[in-house]
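One structure is given below, encoded as structure tokens.
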Number of protein chains: 2
Amino acid sequence: MQRKATARLSDVARAAGVSLSTASRALADPQVVREDTRAAVCAAAERLGYVPHGAARALASRRSMTIGAVVPTLDNPIFARSTQALQRSLADAGYTLLLGSHDYNPSTELAVVRALVARGVDGLVLVGTDHSPEVYALIVQSGIPFELTWSIDATGPHYAVGFSNRLAAVQVAQYVCQAGHQHIAMLSGFMAHNDRARDRVAGVREACAAAGRVLPGSAIIETAFSIAAARSATRQLLSAAQVPSAILCGNDILAIGVLLECAAQGVSVPKQLSVVGFDDIEMAAEMAPALTTLHVPTAQIGQRAAERLVARLQGESVARTEAVPVRLIVRESSAAPAVVRAK
Amino acid sequence: MQRKATARLSDVARAAGVSLSTASRALADPQVVREDTRAAVCAAAERLGYVPHGAARALASRRSMTIGAVVPTLDNPIFARSTQALQRSLADAGYTLLLGSHDYNPSTELAVVRALVARGVDGLVLVGTDHSPEVYALIVQSGIPFELTWSIDATGPHYAVGFSNRLAAVQVAQYVCQAGHQHIAMLSGFMAHNDRARDRVAGVREACAAAGRVLPGSAIIETAFSIAAARSATRQLLSAAQVPSAILCGNDILAIGVLLECAAQGVSVPKQLSVVGFDDIEMAAEMAPALTTLHVPTAQIGQRAAERLVARLQGESVARTEAVPVRLIVRESSAAPAVVRAK
DNA sequence: TTGTAGGCGTTATCAC
DNA sequence: GTGATAACGCCTACAA
């Protein structure tokens, strides 16, 4: 057991009988030093258990080799998965992930972003386009490259990888309308500070209107992203004056809640009620062969965000916005019930 | 829009008309400078959009205000939740989380830990006690305080917050044995490099043996942590020569898979088959009112790990190991079926 | 209470 | 190829 307080590069250099700068080069740029000196330095580093001092390196090189990511919460499988993918791809490129979350609280998000900027991240990954002006100002002024994810911001000036939540929702709603449903309801996550939820609702509204269905205010329920909350909202919908024949869900967590409540109430899906999900998390697909859902390549978003950012940091140029493919997966016909269910 | 490359502390000091060190103190230790100078410095910092340079600060102060965490994967609700809680508690204390994952690959874990150590984390959080000697050596030599989570390491020398997976599994198995089950099977995650999975199987084995049940080798199936894999394993169990009357699951993901497969095959739970889970994730509880499960306070583990680490970094002393409360939640009787099911 | 000066461990820019 | 040497931005005794 060594007692000394972690070897420095100067220790390695001395042990290898070379100068500080040679040691530095040998480790950083192996091909520029002679093979035997490189070997000597590496051997010394190995022997001393040398671990480079990131802060010093960052200070001198002006790069920290860390990327910051801010997600609403990890307690949602879609962000857990995309973050996991982000982490992997980043690690493969030699970057370490600095993670923050804000629970959909804008002021928390600002604090988190500030913390990441202060830690000197080389790049930043955010979710969605909804961020306070302060957040944008901070990032832009700091000059740190960043990627928005989960939404694409076609008109906006920012780099983004994701998809149009509005168009995806349109696709979902068109499908349901074409299947003949007249009374459609939607369960959405809270829309405040959440452009994805808002766009999904907007898309559904738009497509329904175009198809001649008007969603009454009571047909769109905003709820927390939890199974329990979705069940509660479902009870509300199923006991309304006008029971819908189709429920569109802002994401699969909500869809699972709807399905569970239907099972509990003996409502047959999709025979009596059609349920359509969004995001396509594994669990929902497994538990509901009947669930038609809009599939989103969750992990791909994280991976591409990492790859794009790394590319940009290496001076390569990437397309401003990049769309990942989403598609409706119809696992079973969701035709409207021939008879209106008795209430 | 400012063009300058981010204000430094010296800029703030000049703008405020004080020296560098006064500016530093005003920001770091507000109570030690005169109120008006503090105000002047803060105003200047605000005006210039000053963000401290973490690397420089870390280099000079020898603290980075970052904590590293390494999880097997975020793609498992239990780790997503505990990591989320960890992040929150850390942020509350002014620390930022540096995250790594290794997908149950020991060499990846070593690389990740090395990266975190190199980034100068002030503390480290690991999952479980299974880590390569190199990992332990690296951390110990670096002198970085660390917490093991999800397991407690009563005999070991390390700080840990979690619970005895073995005893928890014993509790589960005892319950099932007392309910009268004779033929018990278990689904486990892969046990290599995973002390939690191993301990859970060991606990079940131990309790079953004590109760006079011997689990044949074929009754314990190691499988990936996915619903699909669990379903496949369930098919195997249900078509075996000796069909079990109870299936114990190494965690709730597996339990969900079992339940879904049972539903698909028309096997009634718990009437024909008793299923017992572990970890108690929200989804499992919601989808299966019949699921008896061992509840683990997932978020609490993350939170306590953060709090303990922060306390230690502030020089407070904490108990070497800390147990979080786990308990069996019996949602519905899992009495053994009176008649052996026909195969 | 405030200012001065010496690092913190690397990288990068020069000569050699 | 290799070796001095000056940054990098901040913290912290120490002195005033």
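Below, read A as the first sequence line, B as the second, and so on, with proteins coming before strands; counting in each chain starts at 1. These numbers come from a predicted model, not from an experiment.
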Which whole-number value in Å describes the distance from [X] [atom1] to [N] [atom2]?
{"X": "B/Q31", "N": "C/dT1", "atom1": "CD", "atom2": "C1'", "value": "14 Å"}
{"X": "A/R14", "N": "D/dG3", "atom1": "CZ", "atom2": "C1'", "value": "16 Å"}
{"X": "B/D29", "N": "D/dC11", "atom1": "CG", "atom2": "P", "value": "11 Å"}
{"X": "B/L27", "N": "D/dC10", "atom1": "CG", "atom2": "P", "value": "10 Å"}
{"X": "B/M65", "N": "D/dG9", "atom1": "CE", "atom2": "C1'", "value": "18 Å"}

Pairing of A/E147 and A/R312 as salt bridge, 4.0 angstrom limit:
yes
Flag the pair A/R63 and A/D122 as a salt bridge only when some basic side-chain nitrogen lies within less than 4.0 angstrom of an acidic carboxylate oxygen.
no
Donor-acceptor side-chain pairing of B/T22 and B/S19 below 3.5 angstrom
yes
C/dG3 phosphate, OP1 or OP2: any side-chain N/O from B/T22 under 4.0 angstrom?
yes
Residues in side-chain contact (heavy atoms from CB on, under 4.5 Å) contact with A/S101, at least two apart in sequence or another chain:
A/V71, B/Q84, B/Q87
Please test B/R198 against B/D195 for salt bridge (Lys or Arg N to Asp or Glu O under 4.0 Å), starting from the C-alpha separation and ending with a verdict.
CA-CA 5 Å; B/R198 231 169 27 238; B/D195 57 284; 5.6 Å; no
If we only count heavy atoms from C-beta on, is the B/V113 to B/E109 side-chain gap below 4.5 Å?
yes
Output the single nucleotide from D/dG1, D/dG3, C/dT1 whose closest atom is nearest the side chain of A/R34.
D/dG1
In 5'-to-3' order, the base (B), backbone-only (S) or no-contact (-) status of each nucleotide in nucleotides 10-16 of chain C, using a 4.0 angstrom heavy-atom cut-off, is BSB----
